[in-house]
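So that the names make sense, note that chain A is the first sequence line, chain B the second, and so on, each numbered from 1.
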Amino acid sequence: DAGITQSPRHKVTETGTPVTLRCHQTENHRYMYWYRQDPGHGLRLIHYSYGVKDTDKGEVSDGYSVSRSKTEDFLLTLESATSSQTSVYFCAISEHDNLQHFGDGTRLSIL
Amino acid sequence: GNSVTQMEGPVTLSEEAFLTINCTYTATGYPSLFWYVQYPGEGLQLLLKATKADDKGSNKGFEATYRKETTSFHLEKGSVQVSDSAVYFCALSDQGGSGGSNYKLTFGKGTLLTVNP
């Protein structure tokens, strides 16, 4: 398995609080991605990174920000969580091709 | 933009039955096509892929052929097992764009497969 660790694996928090999810990789891959998975929508790309400090928006980026200060870490932040952001969040990595490897996900519940 | 449409299911089969999960796509260029599988409580795993027209991807008894003329990539297996119960996602990769957009994936909504003994 690709060395991808997502933390936390589960989180319950309240509306309006800030939340940060972490994706850590040990593969030294260049590209990292954050997706959310919701019933009836499949996986949708939130943000992605193509190098340290290089990030760009995906199709559902509103309400989310990301940072990548080191190759191995890609952080996803919800500045002020809303109930619509309750979801399962997946991190993925890839190197110089389009083969993405996924972490085990973070289940986030916002009450 | 790119899009993927797949059978939403759920699909319920008996063990040893034949499986087909339909997938069609819309893309501006010449994408690579993928099937991912998600077992309960886990992340997605690549099942198979095809990178150009008429390529056949295969793995673990599953097959899919990249059909450019019908823009399809249907997943098939001749004899399913209980252990194949999972959610299956069809996806395509964006082959164009600048920066890191070359490898973005667009997913279908997923198809839940349940195989009964």
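- Looking at A/Gln6, there are no atoms closer than 4.5 Å to chain B (heavy atoms on both sides), in backbone or side chain.
- Using a 4.5 Å cut-off on side-chain heavy atoms (C-beta onward), A/Tyr64 and A/Gln85 make contact.
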Would A/Asp38 and A/Arg36 count as a salt bridge (charged side-chain N to carboxylate O under 4.0 Å, His left out) if you check the C-alpha gap in whole Å, the side-chain angles of each, and the deciding distance to 0.1 Å?
-> CA-CA 7 Å; A/Asp38 304 290; A/Arg36 60 177 290 173; 2.8 Å; yes

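- Contacts with chain B were tallied for A/Pro39, A/Gly40, A/Gly58, A/Gly103; A/Gly40 has the most, counting heavy-atom pairs under 4.5 Å.
- Most heavy-atom pairs under 4.5 Å with chain A, from the set B/Leu105, B/Val87, B/Val4, B/Thr106: that is B/Leu105.
- Residue A/Leu45 touches chain B through its side chain alone, counting heavy-atom pairs closer than 4.5 Å.
- Ranked by heavy-atom pairs shorter than 4.5 Å toward chain B, the options A/Thr55, A/Asp54, A/Asp104, A/Leu43 are led by A/Leu43.
- B/Leu44 places none of its side-chain heavy atoms less than 4.5 Å from the side chain of B/Val37.
- The existence of a salt bridge linking B/Lys77 and B/Glu63 is excluded, since no basic side-chain nitrogen approaches an acidic carboxylate oxygen closer than 4.0 Å.
- For B/Gln45, no part lies under 4.5 angstrom from a heavy atom of chain A.
- The aromatic rings of B/Phe107 and A/Phe102 stand perpendicular to each other, their planes meeting at an angle above 60°, with 30° marking the opposite boundary.
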